[in-house]
Amino acid sequence: MEKEKGNELTPERVMQILKKKGTEVDIEEAKIILAFVQKIAHIAVNQYLRGNL
């Protein structure tokens, strides 16, 4: 299956989203935030699929 480019969350997109909410971060901080969000999402999906939520 091919990913749609418009829906992909990139560090640049994270910067845009946070800037709209009044928080400015640089690209390195955005990469760290994105990695954290991806880990949390992965954990949440796994817990849901295992019936732990």
Contacts of [X] that satisfy side chain to side chain contact (heavy atoms under 4.5 Å, CB included) - sequence neighbours left out:
| X | value |
| --- | --- |
| V25 | M15, L18, T23, E29, A30, I33 |
| Q16 | R13 |
| I32 | none |

Legend entry - Smallest separation among heavy atoms of L34 and T10, with atom names: CD2-C, 3.9 Å
Legend entry - Spacing of Q38 atom CD and I40 atom CD1 [to the nearest 0.5 Å]: 11.5 Å
Inset, instruction - Determine which pairs satisfy salt bridge (Lys or Arg N to Asp or Glu O under 4.0 Å) with at least one residue from residues 16-27, sequence neighbours left out, and list them in order. - result: none
Inset, instruction - Among residues two or more places apart or on two chains, list those pairs meeting salt bridge (Lys or Arg N to Asp or Glu O under 4.0 Å) that have a residue in residues 31-42. - result: E28-K31
